[in-house]
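Here is the structure we will look at.
First listed ligand is number 1; within each ligand, the first listed atom is number 1. Values below: all heavy atoms of this structure, side chains included; hydrogens, waters and symmetry mates excluded.
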Amino acid sequence: MSKQQHGKSGVKSEAIVVLRKGKPQLKLDRLETILHNYQDHPVAIISVFGEHRTGKSFLLNFLCQYLRENQSADWYKKNYVKLVNTFHWKGGVERDTTGIYMTDKPFMLKNDKGQDIAVFLMDTQGTFQKKFKPGECSLMFGLSTLLSSVHVYNLSSGLIRDNDFQHLEVFTKYAQALTERNGEGDAHILSPFQGLMFLVRNWEMSDYESGSKGGMEYLTEVMKTDEDGNDSIRKQIMKSFSDVRCHLLPHPGIKVTKYKDSSRSSIKLADLDESFLVGVDDLGNCLFSKENLLVKELNGGTCTGKEIMKLALEFKERIKSSDTPNVDTLLKINETVGFCQKLQDFEAEYERNMITEMGENYMEPKKLVSLHEKCQEETLSKYAEHDGLTEEKSLANKNYMRQCLSVAFKAMQHKNNARKENEKILIVGKAALAVENLYLDEMEKVASAQYLEDLTTAREKAVSATEEAFQTSTLDCNQDLVKKCMKDLHNAVKSKHREFKRRNAERLEILDQKLSMLVVETTMSYEASMEKEIKKTKSEAELDRAHQNAHKASVKRFEENDLVKGLGLKSKKDKVQSLSDKITECFQTLKKDTDTPKSENEKQPEQDNKMNYVQQQKEAQAIFEKRKDLALTYSTAFNDHREKYVEDGELYKIHIKAKQQALKAFSDFEKDISSVAIENYWENKDALEQELEQLFDQVKENNVKNKKNIERSLNPFYEELSADYLRTMNKASRNASDSTLGTLHEVLVSSINEELNVEIPYENIQQIAIATCEGMLIEKQDEVNNGRNIWKELMDQAGASTVGLNVGKTGSKDGRDSVVIESILANFNVNISQLASIQFLKSLKF
Ligand SMILES: Nc1nc2c(ncn2[C@@H]2O[C@H](COP(=O)(O)OP(=O)(O)O)[C@@H](O)[C@H]2O)c(=O)[nH]1
Ligand SMILES: [Mg+2]
C-alpha cells in the first residue's frame with residue numbers, strides 16, 4: 001500500500017457526471033485524467049448509490065478515513081482525529097451531491113492474489129422519483145452499474161423494504177435478457193454484474209446483530225418472503241450479481257447529524273457513536289480486505305483502467321440521444337468492451353504462442369505460414385469456447401479476430417525477416433572475413449612476392465581455399481542463406497583479386513625497371529670486353545668469333561641472374577631478345593669504329609653519352625622509387641577509412657589534400673634531377689598523377705563497400721520497425737478515431753525520423769533511411785486501415801461507437817508539437833525507445 005496515494009495531501013473527489021440544465025453530462029476527459037496512470041492496472045470501483053439525503057457522502061468519507069489509516073485495527077479509536085472531507089456532504093433536506101463523484105486518486109490495495117489493485121470510491125446521486133419505462137434506468141444509475149465492481153445500495157429506512165427491490169427491477173430485466181439470449185441452464189454464462197451490497201443504515205432492530213454477519217442472516221430471511229410478487233425479482237437479482245451481500249450499520253449518533261455542512265464543520269471521531277464506528281470498520285473489512293476486495297471484471301476477465309475508460313466511452317456514445325439507458329444498451333456495452341478485451345487477450349496469447357514456437361532463429365517462410373495457421377486455429381477455437389454470443393455475432397467477431405491475427409502475423413513475418421537480415425549480415429561478414437584472411441595469402445603462396453605472369457592457377461587455388469574456409473565457418477548458419485550469400489563471397493573475391501592484380505602490375509613495373517638496368521649493365525660489360533678484343537685482334541673473322549663468344553657469355557650471365565630466372569618463359573625470351581639486340585647493335589658500332597677509327601675528339605662525346613646513359617638509368621630508378629613512395633604516403637591518408645564509411649564530399653577533400661601534398665613533394669624533387677633524366681621525370685610526374693587517381697578509385701570502391709555494409713545493417717531495423725508499427729497501429733485502430741489514428745501515424749513517423757537523425761551520423765544515409773521508413777509506413781498504414789474498416793463494420797452492426805479516444809483534442813494536428821506527441825504516445829501506451837526496432841537501431845555502431 002503506498003502512503004502517498006492517501007497521505008495528508010489527500011484524495012479529492014471529482015465530478016465525472018454533472019447536471020447541466022437538469023440534464024446529466026458525462027465528463028469523459030475528467031475520467032480519463034483520473035484513470036490515466038492506471039491504464040494497465042486492475043481496478044476496483046466501489047460505488048455507493050441511493051436516494052439523496054441518506055448519508056452516502058458522509059459514509060464515503062468514513063471509508064476514505066479507514067483506507068487512509070491503512071485499515072489499521074484502531075483507526076476509529078483515535079478520538080481526536082478529524083474526519084476527512086473527500087466527499088462533500090450537507091445537513092438538512094436540500095439535495096447536495098448531484099451527479100457522480102469519484103476519488104481523483106485510487107487507494108492502492110492488495111487482493112488475495114497479491115496483485116496491486118487501484119481502488120476508487122464513487123458517490124452516485126440517483127433518484128427513483130422519476131418514472132422510467134420498464135428496463136430503463138437513470139443515466140447515473142446505469143453508468144455506476146456499468147463501471148463499479150461493488151454497488152453499495154444505501155437504504156436509510158433502517159430495513160429492506162419491498163419497494164427497494166422494485167428499484168432494482170432494471171437488473172432483473174438484465175438477467176432475463178441474458179437468459180433469453182443464451183438459453184437457461186447455460187452453465188458458463190457469468191452474471192453480468194459483480195457485487196451488490198444492501199447497506200441498511202440506521203439499523204436498530206435487535207433480531208439481527210449489526211454488521212455483515214447479521215446482515216447476511218437478515219438478507220436470507222428477506223429473500224425468503226414472498227409478498228407482492230417480488231419473489232421473481234429477488235431471484236433475478238441473485239442471478240444478475242455474482243456476489244450479493246448485506247450489511248447492517250447503526251445510526252451515527254445525534255451529535256453529528258446536527259452538523260450542517262462538511263466544509264464548515266469538522267467532525268471528530270469522538271463525536272460518533274462507537275457502534276457506528278465499529279460498524280464502519282466491519283464494513284471496511286467487508287469491502288477492502290484481501291479476501292473480500294472485488295476487482296472489476298468483464299466476462300470473466302480483469303478490468304484495467306483502460307477498459308473502464310472504454311466502458312464509459314461506449315456508454316456515452318450509445319446514450320447520446322437520451323439520458324435513460326436501457327438494459328439492452330448496457331448489455332451491449334458490456335459485450336462490445338468485453339469482446340475488445342478478449343480480442344486483446346487472445347491476440348496476446350497468439351503472439352506468445354508464435355514467439356515460443358518460432359524460437360530464436362530465422363524460420364523458413366512456408367514453415368512460418370503453417371505455424372501461423374495452427375496458432376490461429378487454436379486461438380479461434382479457444383475464443384469460440386469463451387464467447388456466449390449468438391452464432392451470427394460470434395461468427396462476425398471471429399472474422400474480425402481472424403483479421404487481427406493476420407495483422408499480428410504480418411508483424412511476425414517482419415520479425416522473422418529481421419532475423420533473416422541479421423543472419424545474412426552474419427554470413428556476409430563471415431564471407432568477408434574468409435576473403436580478407438585468406439585470399440591474398442593464398443595468392444602469395446604461389447607468387448612469393450614475385451611478379452606472376454599467369455594468375456589462373458593461383459586464382460583457382462585461392463578461390464577454393466577461401467570457399468572452403470567460408471563454408472566451414474558457416475556450418476551452423478541457415479544453409480539456404482549461405483548459398484544465397486555465395487555471390488557476396490565471390491564479389492569480395494573479385495575485389496581482392498583486383499587488389500592482387502594491382503600489386504602484381506606494380507611488381508612488373510619494378511621488375512622492368514631493374515631488368516632495363518641489367519640489360520644496360522650487361523651490354524656495357526660486353527662492350528668493355530670487346531674493346532679489349534679489338535685491341536688484340538685484327539681479323540674480321542676473329543672479331544666475329546670474339547663477339548659470338550662474348551655475346552653468348554653475356555646472355556648466359558643475364559639468364560643466370562636471379563631477376564631473369566624468375567621470369568615467365570615469354571617475358572624471359574623478350575628480355576633476352578632485347579639484350580641480344582642491344583649487343584648486336586653495340587657490335588655493329590664497334591666494327592664501324594674499327595673500320596674508320598675516330599679521333600680522340602670524336603671519342604670524347606661518345607664516352608660522355610655512355611656516362612649520361614648510365615646516369616639517366618640511375619636517376620630513372622630514383623625517380624621511380626620516389627614516385628612509389630609518394631603514392632604509398634598518399635594511401636596512408638585514407639587509413640582511418642578502410643573499414644569506416646565516410647561521406648563522399650569528405651572523402652574527396654582528403655583525396656585533394658593528399659594528392660596536392662604528393663605532387664608538391666614530387667615537384668620539390670625536380671631540382672635534384674639532371675637534364676639527362678628530366679624527360680623521365682616528367683613522364684613519372686604524369687604517371688604519379690594517374691596513379692593517385694587510380695588509388696582514389698580504389699578508395700572510393702572501398703567506401704562504397706563500407707556504405708553498403710551500413711545500409712545492409714539497417715535492413716533488420718526496417719523489418720523490426722514494420723513489425724512494431726503494425727502491432728502498435730493495429731491495437732490503436734480499435735481505440736482511436738480516424739483523425740487520431742492519422743495523428744498517431746504522423747507522430748510515429750516523426751518520432752522515428754528524430755531517432756534516425758540522432759542515431760545515423762551520415763546525412764545521406766540518414767535521408768535515405770528516413771525516406772525508406774516514410775514510404776514503408778505509409779504502405780503499412782493502408783494495411784492497418786483495411787483492418788480498421790472491418791472493425792468499423794463490426795462495431796456498426798453491434799450498434800457500438802468507433803470514435804475511440806479523442807486524443808487529438810490538444811489542437812495541433814501536424815504531430816510535431818512535442819506536447820501532442822507525448823500525450824498521444826502516452827495515450828496509446830507507446831514508448832518509442834522501448835520499441836524493438838529502436839533498440840536495435842541504438843545497438844548499431846556506425
Ligand atoms: N440518520 C442518519 N443521518 C445520517 C447518517 N449519515 C449521515 N447522516 C446525515 O444525513 C445528512 C445528509 O448526508 P449526505 O452524506 O450529504 O447525504 P447524501 O445526499 O446521501 O450524500 C447529513 O446531515 C448527515 O449528517 C446516518 O447514518 N443516519
Ligand atoms: Mg451526497
(message) salt bridge (charged side-chain N to carboxylate O under 4.0 Å, His left out) for Glu221 and Lys224? Distances and angles first, verdict last.
(response) CA-CA 5 Å; Glu221 193 51 40; Lys224 273 189 200 150; 3.8 Å; yes
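- Distances below 4.0 Å separate heavy atoms of Phe58 from the following atoms of ligand 1: 6 (N), 7 (C), 15 (O).
- Close contacts of ligand 1 with Ser57, meaning ligand atoms under 4.0 Å from a residue heavy atom, involve 15 (O), 21 (O).
- Classification of the Trp791-Phe339 ring pair by plane angle, with boundaries at 30° and 60°, yields parallel.
- One finds the NZ atom of Lys316 at 10.0 Å from the CG atom of Leu139 (value rounded to the nearest 0.5 Å).
- For the Mg ion (ligand 2), the set of nearby N, O or S atoms under 2.8 Å includes one belonging to Ser57.
- Every atom of ligand 1 with a heavy atom of His52 under 4.0 Å away is listed here by number and element: 19 (O).
- Counting atoms of ligand 1 from 1 in the listed order, those under 4.0 Å from a heavy atom of Arg201 are 5 (C), 6 (N), 26 (C), 27 (O).
- Counted within 6.0 Å of NZ on Lys78, heavy atoms from surrounding residues, nucleotides or ligands total more than 12; the atom is thus considered enclosed.
- At a cut-off of 3.5 Å, with distance as the only test, no side-chain donor of Glu217 or Thr220 sits close to an acceptor on the other residue.
- In terms of polar-atom proximity, defined here as any N/O pair under 3.5 Å, Gly55 does make such a contact with ligand 1.
- If you look at Asp123 next to ligand 1, there are no close heavy atoms at all, none under 4.0 Å.
- Between Phe49 and Phe141, a ring centre-to-centre spacing shorter than 6.0 Å is recorded.
- With ligand atoms numbered from 1 in the order given, ligand 1 contributes 1 (N), 2 (C), 26 (C), 27 (O), 28 (N) to contacts under 4.0 Å with heavy atoms of Asn202.
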